[in-house]
Amino acid sequence: MTESTAARHPRRSSKRTSGSDGGSAAATAAPETPGAPAKKAAARKTPAKKAPAKKAAAKKTAAPAKKTAPAKKAKPARTAKTAKAAAKTAEAAGKAPVGSRPLPQGDGADASELVQLLTPEGERVEHPEYAVDPSPEELRALYRDMVLTRRFDAEAVTLQRQGELGLWPSLLGQEAAQVGSGRATREDDYVFPTYREHGVAWCRGVDPTLLLGMFRGVNNGGWDPNSNNFQLYTIVIGSQTLHATGYAMGVAKDGADSAVVAYFGDGASSQGDVAEAFTFAAVYNAPVVFFCQNNQWAISEPTERQTRVPLYRRAAGYGFPGVRVDGNDVLAVLAVTRKALEHARSGQGPMLIEAYTYRMGAHTTSDDPTRYRRDDERAAWEAKDPILRLRTLLERENLADEAYFAGLDEESDALAKRVRESIRTMADPDPMAIFENIYADGHSVVDEERTQYAAYQASFADSADFADEAGAAAGKGH
Amino acid sequence: MAVEKMALAKAITASLRTAMEDDAKVLVIGEDVGKLGGVFRVTDGLQKDFGEDRVIDSPLAESGIVGTAIGLALRGYRPVVEIQFDGFVFPAYDQIVTQLAKMHARALGTVKLPVVIRIPYGGGIGAVEHHSESPEALFAHVAGLKCVSPSTPGDAYWMLQQAIHSDDPVIFFEPKRRYWDKGEVNTSAIPGPLHEARVAREGTDLTLAAYGPMVKTCLEVAAAAAEEGTSLEVLDLRSMSPIDFDAVQRSVEKTGRLVVVHEAPVFYGSGGEIAARITERCFYHLEAPVLRVGGFHAPYPPARLEEEYLPNLDRVLDAVDRALAY
């Protein structure tokens, strides 16, 4: 999840070149100008130092040779995490487990444990405990949310392929789980997402273009969590479930009737922090809904590598209710999440929802699912597509006409266009941004390093002029 | 109020009490902090007076304690978390380093994390493994965190007040072997800045820089050296992140020699950072290399060996002699 965006965003490949348009590939950067370092070095005054007599004069006379700015290479940094992921997939390939895995529902649960209100065929069905009675307008709104979310997500994948983003974790296939749960929340509720909750962000009213910043590499988060009660994306797996629980403990202390939703996945269910979040939420009766999107895969590892019981049943061990819902059924997710939120609001404490869904795409744009899972598994889930089944219902019941769908297509295209334009005009941060917002009350080491780095940057002012001249001269030569 | 003589642990209790009286958002959270009053009795009586809702006995899960404290801070609370012993902080290390330290920056400054993590640290109490460690460098190395350690009851009272008032996460290292040392606490005095060093004893020949439990040791060293005619200045750094390098520089420009003393292992320890920075700042004032006295690059030893491991009067004097011999 933490691959670098460096490949697409060459900074100045050298202080001595003026190329910093941010759009060209590193390979096209101007070759280093041989004359510049000499000028830079010559421009630098040898610092005058007074050596106290008591020191041996020879000890420290020559000023240290100033190094010229190293060329910044635009190559993607591989983190330990991605290396680990690569090792995992390599191992998976070596053992050739592909195809050895039973199709979903292989965890001992039977179909009766799955709450469903809209079948893959678009049929409304009843459930004894969960009901929802949306108006045609509400059905269309849910459909619209899912279509726009999918379109936004697809655009982000394209932008990554075009080099505008370093990485993108697609939510393809999980639209119903996210829109159904997101739309169940109230404005004063608070959401703690992973890094894939683009659909929930959409429902919370977060400007989708804000989600792209960290994946483009211009920030590490990029929005005010309190604007939409939507916390920043959390990359370390499962950590946010504790933050959600603590926040919910605070809500309860305040006597408010808001609730909190903690999103996480089947992989995160193995994390100690998630277990601790369950424990804390249970013993403090915190108003938090644990919303697990079981999309069957934690990068290359199937759910069988995380659990031998259906995940929702884990709640029982902590003393609160758990329910498994068809995560591709937006109506069921809406109904179940509403009920869980009501449960939390009314002082009954936490609840675990396991939204049983499927990650149709790769883990991220850097992943290659062909190394570890079968095509027919994906095909089986395509038949359960969350958007298609609602469209079938809308069409069969004449709840939306051709003009509505055509209008929505136009809206989707407009959204994609806005996202595309916004990313292409997203400016790289100022280098001095490195030193911003590290501390609320400041820190003398940060202040010192900021000052030193600003002076260092300023020391290149001469050579920048020189580079401009050199560039102009080179231009004449062509 | 007036000046009162109290033990360092009791000064912390008094400080927590004041903070909780002043601000209803201040919470105390930790293992056994309620009825028991903590294993060192630092939170003694607080739950009785402020209730279970504000003095919270937590499940026995340090990552959970810090992780939920982050959530409470996001909700507007000011949690003061107690980690029972230094060696028990590591289950929470991920939450502290990855989340607590960085969330303010991640949110571009839009959220604040006023969380204080109190850690009784250091050795000298004859305890079992994981009860005597000094992990401060592991936290000082992380941008976004601040680390402080008082050496006197007066500082313990005021520095904790200031840590709780800070909008940044502060790791508050409590010198547990000094918990029962008494000193004056003036609860009406206006304290200096939290991260400013204090000259604990003036001297002219060499500067001893220390914090937390080693300040007392260094004062004893200075007294012993004075008998031999050597004048040592003792600087109580008080803060390990940031470090008041200006104060160290002022002292070293006067004395020309510096020995840094801490219980933590010397290797990659805060003494190394101080030595490097002071060498850079005071190169022409230094009469000797900056020397360090501290723990060895070894696991904290069993209690019967800890006196060998911890810097004591003789080991510090040995370093003083070596520095003076240049």
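Bear in mind that the values here come from a model prediction, so they are computed numbers and not experimental data. Sequence lines set the chain letters: A, B, ... in the order given, protein chains first and strands last, and positions in each chain run from 1.
Every residue meeting the salt bridge (charged side-chain N to carboxylate O under 4.0 Å, His left out) condition with B:D53, not counting sequence neighbours, appears here in chain and number order: A:K253. For B:Q47, there are no side-chain hydrogen bond (donor to acceptor under 3.5 Å, both in side chains) partners, not counting sequence neighbours.
The part of B:T98 that comes within reach of chain A is its side chain, from C-beta onward, which places non-hydrogen atoms under 4.5 angstrom from that chain. Interface remark: B:L113 contributes no atoms to any contact with chain A (heavy atom separation under 4.5 Å). No part of B:A69 comes within reach of chain A, as not one of its non-hydrogen atoms sits under 4.5 angstrom from that chain. Of the atoms belonging to B:L145, it is backbone heavy atoms, and not side-chain ones, that fall under 4.5 Å from chain A. Proximity to chain B (any heavy atom under 4.5 Å) is shown, for A:V251, by both the backbone and the side chain. Using a 4.5 Å cut-off between heavy atoms, B:D94 touches chain A through its side chain atoms alone. Neither the backbone nor the side chain of B:V170 comes within less than 4.5 Å of any heavy atom of chain A. Residue A:E448 touches chain B through its side chain alone, counting heavy-atom pairs closer than 4.5 Å. For A:N226, the part lying near chain B is the side chain, with the backbone staying farther off; criterion is any non-hydrogen pair under 4.5 Å. Heavy-atom distances place no part of A:A262 under 4.5 Å from chain B, backbone and side chain included. Looking at A:E449, the atoms closer than 4.5 Å to chain B (heavy atoms on both sides) all sit in the side chain, from C-beta outward. Both the backbone and the side chain of A:I438 come within less than 4.5 Å of a heavy atom in chain B.
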For this session: Would you check, one step at a time, whether the test salt bridge (charged side-chain N to carboxylate O under 4.0 Å, His left out) holds for A:E436 with B:R106?
Result: CA-CA 10 Å; A:E436 297 309 313; B:R106 203 175 288 150; over 6 Å; no
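Options B:S166, B:A107, B:P169 differ in how many heavy-atom pairs under 4.5 Å they form with chain A, and the most are formed by B:A107. Of the listed residues (A:D254, A:T279, A:V260, A:N220), the greatest number of heavy-atom pairs within a distance under 4.5 Å of chain B belongs to A:D254. Between chain B and the residues A:G221, A:A286, A:S239, the most heavy-atom pairs under 4.5 angstrom are made by A:S239.
In this structure the side chain of A:Y284 never reaches within 4.5 angstrom of the side chain of B:T68, judged on heavy atoms. Looking at heavy atoms from C-beta onward, A:E276 lies out of side-chain contact with B:P59 at the 4.5 angstrom threshold. Counting heavy atoms from C-beta outward, B:F245 and A:V445 have side chains that approach closer than 4.5 Å. B:Q95 has its side chain within reach of A:L242: a pair of non-hydrogen atoms, C-beta onward, lies under 4.5 Å apart. In this structure the side chain of B:Q99 reaches within 4.5 angstrom of the side chain of A:T234, judged on heavy atoms. In this structure, A:Q231 and B:M103 have side chains that are in contact, with non-hydrogen atoms separated by less than 4.5 Å.
Put simply, the side chain of B:D167 never gets that close to the backbone of A:A440: no donor and acceptor are under 3.5 Å apart. Side chain of A:Y439 to main chain of B:G144: a donor-acceptor pair is present (N/O by atom type, distance under 3.5 Å, no hydrogens or angles).
Heavy-atom neighbours of chain A within the stretch residues 19-26 of chain B, taken at a separation under 4.5 angstrom, comprise B:K25. Residues of residues 190-199 of chain B never come closer than 4.5 Å to chain A when only heavy atoms are counted.
In this structure, CG in A:L232 is found 14.5 Å from NZ in B:K102, a value given to the nearest 0.5 Å. Rounding to the nearest 0.5 angstrom, the gap separating the CG atom in B:D246 from the OG atom in A:S444 is 7.5 Å. From B:D168, atom CG reaches atom CG of A:D441 across 4.5 Å, with rounding to the nearest 0.5 Å. Between B:L72 atom CG and A:M249 atom CE the span is 5.0 Å, to the nearest 0.5 Å.
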